[in-house]
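So the structure is just underneath, and the comments pick up after that.
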Number of protein chains: 2
Amino acid sequence: MTTILDVARAAGLSTATVSRALREPEKVTEKTRAKVFKAVEAVNYRPNMLARNLRTDKSFTLLVLVPGIANPFFANVTAGIEATAWKRGYSVLLGDTRDSPEREEHYARLVETRLADGVIQLSPDYAPAESRRQAPYPVVHACGCELTEAPSVRIDNVGAMHEVVAHLIARGHRRIAAISGPQANAHAIDRLKGYRQALEAAGIAFDPGLVLHGSFRMQSGFEAAREILAMSPRPTAIVSINDEMAIGAIQALAAQGVSVPSDIAVTGFDDIDFAAHSTPALTTVRQPAAEMGAKACELLIDWIEDKARDEAVHILPHTLVVRESSG
Amino acid sequence: MTTILDVARAAGLSTATVSRALREPEKVTEKTRAKVFKAVEAVNYRPNMLARNLRTDKSFTLLVLVPGIANPFFANVTAGIEATAWKRGYSVLLGDTRDSPEREEHYARLVETRLADGVIQLSPDYAPAESRRQAPYPVVHACGCELTEAPSVRIDNVGAMHEVVAHLIARGHRRIAAISGPQANAHAIDRLKGYRQALEAAGIAFDPGLVLHGSFRMQSGFEAAREILAMSPRPTAIVSINDEMAIGAIQALAAQGVSVPSDIAVTGFDDIDFAAHSTPALTTVRQPAAEMGAKACELLIDWIEDKARDEAVHILPHTLVVRESSG
DNA sequence: CTGTTAGCGCCTTCAT
DNA sequence: ATGAAGGCGCTAACAG
């Protein structure tokens, strides 16, 4: 293995000068720089980052904590993070928590061992505020909820779901079922809040019996739709808290010969790629996934490098995308 | 920051003993071990991995090169990799190449700087065989093609597509269009080969005019389907090389009032989650995505740790999953 | 079984 | 502008 010493010898210089030529080229003569570069080529030198990392006590690595990388929305956020990290010279460590506390604990440990300079968290309920404030390393949330503290990025989940429901009400719907997520899920809570607000604004009484709790997965949307079909009177619209469950619901409806949107309208949330290409195309809320990841990544790297923590909650714009499924 | 020296002092031992107690507990007295653990707790010690990595010249990190993490199939392979890496004490660095040579080059550089102990490549045409053989670090392919060398994991792409086409032929189809991928894509080449073989076996002449080249994305499947509808005589079936393009095609067909499968049958490839929940549900080939990732990860770690390179190409079983879209 | 000691490769004062 | 030298925190011989 060739080291910086090999380069120094080949160039007839000291290791200190080689190091400078490589990291702060302006602090070195033009001629010296050329000699160094030539020597680097000659001995095919690659700096040993393990050594550099130890010496500088930085890993230039970001840990991304994802509840599930197979979820297209999170995959897109992650892609945005990776793109930005790449631009700024950082690498991305992938931590798939699978909503397991054990795994989160493990990955938290990883940062404490200096393997990452900071964390981007995609799950809003990862850590209670108290423990987060005490985290000995920078943490930024990319998909926050109402309670998520700065520095963080999110959309207005409450307002977005409010718009969705208002859209359905404007279409004449008054009995609107909701497919929510796990009871304690922060995004589910926010979006359900928007659902209730919209009903209230329209003078429609909230009926807890119309709210079902799924798991964010297609299958649970499928099952929820069957339950909804059994309700009487039968709802004329279903809002789902994410696109996957909406797609599962549409399938269940189609299987029962219930036509969407003419019999029942369905809406999703996220605007993953498949939403635009489902049959019928899904009305949903577009979250700027990649931008959310990118912004969170910027905030984190700024924090790491400037030592200055951004104290803002960045609320990115969402869009109600009306397609066929809402009539 | 607390170091191993702090622990040693708190325990009244040498740093060497502390190191042993932590890494090779069996080489140390029960009593010593207890003292060390207590001291670790007392000073809240976390080993500095940057130092350990330098000293041992290992990073316990694997670089995963993905053509696009937003692609659900690759996301699932990655999830399989992460799960196995976690079990064996490794971390996963995510490298999204976006099919860009510049990015691949960059990430290759990363491994040469010791930031990763090896690479798992998900794109079969990443590097020509020649350069791979010379790679100074372990590389394992998780989604190989016919030409991919060992150590690697793949399915029988040729045989799988052969089955798909044979299935359609058995249903009475003789004019079968294909939505392929980019001309040079290795998976596209393999699968197209299976398509031709199946036609040949049935005595159906291969018609290059029936083969369209997409980009693996839904939109390109959508566009391809429109072209297919304009063909005369019109094909009675469409095989797509992946599920996304098949879903895009189904949407285009539905938009034109063409019914699937009664007017035209459609098949996909991969069996991503959405395939089972599309309308109509998609006939496709199930690739064991997570298992492929897991196996590749095992091979890579074995190689890294044993210094013994597995010389086999592991061909995992696929399954033809017949659903509604093929009639 | 435990302690002493010598680096891993690099960066960074401190001199010159 | 360049060089000499020390040390980041840890592990691995080598002694005892």
Side-chain angles (χ1 to χ4, degrees), chain A residues 1-37 39-40 43-61 89 109-117 136 305, chain B residues 1-37 39-40 43-61 89 109-117 136 305:
Chain A
M1 213 201 77
T2 95
T3 75
I4 201 171
L5 183 59
D6 298 314
V7 179
R9 282 205 261 258
L13 294 162
S14 74
T15 61
T17 304
V18 173
S19 178
R20 279 188 211 105
L22 261 23
R23 307 248 307 163
E24 307 160 300
E26 72 284 359
K27 294 210 161 193
V28 120
T29 315
E30 168 101 19
K31 225 198 285 189
T32 310
R33 217 179 309 153
K35 272 198 287 190
V36 170
F37 289 150
V40 164
V43 304
N44 191 31
Y45 171 70
R46 298 277 179 279
N48 183 327
M49 293 298 184
L50 303 180
R52 175 180 297 180
N53 288 350
L54 171 59
R55 181 57 231 249
T56 60
D57 196 28
K58 270 208 66 181
S59 63
F60 287 97
T61 296
R109 207 54 82 96
L110 223 57
V111 187
E112 292 177 357
T113 65
R114 312 298 228 246
L115 241 47
D117 296 330
E305 296 188 344
Chain B
M1 212 199 79
T2 96
T3 76
I4 200 170
L5 184 59
D6 298 316
V7 179
R9 282 204 262 257
L13 294 163
S14 74
T15 61
T17 303
V18 174
S19 178
R20 278 188 212 103
L22 261 24
R23 309 243 309 160
E24 309 160 300
E26 72 283 0
K27 294 211 158 189
V28 120
T29 317
E30 169 99 21
K31 224 196 293 187
T32 309
R33 217 178 310 155
K35 270 198 287 189
V36 169
F37 290 150
V40 164
V43 303
N44 190 31
Y45 171 69
R46 298 279 179 277
N48 183 328
M49 292 298 183
L50 302 180
R52 176 182 294 178
N53 289 349
L54 171 61
R55 183 58 231 242
T56 60
D57 197 28
K58 270 208 67 180
S59 63
F60 287 97
T61 296
R109 206 54 82 95
L110 223 57
V111 187
E112 293 177 357
T113 64
R114 313 297 228 244
L115 241 47
D117 297 330
E305 295 187 346

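Here is the naming used below: chain letters follow the sequence lines, and residue numbers restart at 1 for every chain.
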Go through C/dC10, D/dA1, D/dG9 for me and flag the one nearest to the A/T29 side chain.
D/dA1

Tell me: CG of B/N53 to P of D/dC8, nearest whole Å?
18 Å

Below 3.5 Å between N/O atoms, which protein atoms pair up with nucleotides 12-16 of chain D? Just atom names and distances, please.
from, atom 1, to, atom 2, distance (Å)
D/dA12, O4', B/R55, NH2, 3.3
D/dA13, N6, B/R20, NH2, 3.3

Please tell me if B/T3 has a side-chain N or O lying less than 4.0 Å from either OP1 or OP2 of D/dG9.
no

Figure out the CZ/C1' separation between B/R52 and D/dC8, and round it to whole Å.
16 Å

Let me know the distance between CG of A/L13 and P of D/dA4, rounded to the nearest Å.
11 Å

How close do B/S59 and B/A116 get, heavy atom to heavy atom, and via which atoms?
OG-CA, 3.3 Å

Whole-Å distance between C/dT2 P and B/E30 CD?
11 Å

Donor-acceptor pair, side chain of B/T17 and main chain of B/T15, under 3.5 angstrom:
no

Checking A/T113 side chain against A/V111 main chain: does a donor-acceptor pair fall under 3.5 Å?
no

With sequence neighbours excluded, tell me which residues meet salt bridge (charged side-chain N to carboxylate O under 4.0 Å, His left out) with B/R109.
B/E105

Rounding to an integer number of Å, can you tell me how far A/K27 NZ sits from D/dA1 P?
9 Å

Taking any heavy-atom pair under 4.0 Å as a contact, classify B/N48: base, sugar-phosphate, or nothing.
sugar-phosphate

From the list D/dT2, C/dC10, C/dC1, which nucleotide is the closest neighbour of the side chain of A/A51?
C/dC10

Straight-line distance of B/L13 CG to B/R20 CZ, nearest 0.5 Å
10.5 Å

Whole-Å distance, A/M1 CE to C/dC8 P, equals 10 Å

Within the pair B/T32 and C/dT2, is there a side-chain N or O less than 4.0 Å away from OP1 or OP2?
yes

B/K58 NZ to D/dC10 C1': how many Å, rounded?
16 Å

Look at A/S14 and D/dG3 and indicate whether a side-chain polar atom (N or O) is within less than 4.0 Å of OP1 or OP2.
yes

Over all atoms of both residues, closest heavy-atom pair of A/V36 and A/V7:
O-CG1, 4.2 Å

Contacts satisfying side chain to side chain donor-acceptor pair (under 3.5 Å) that involve residues 1-10 of chain B (not counting sequence neighbours) are none

Value in whole Å for how far the P atom of D/dA1 lies from NZ of A/K31
14 Å

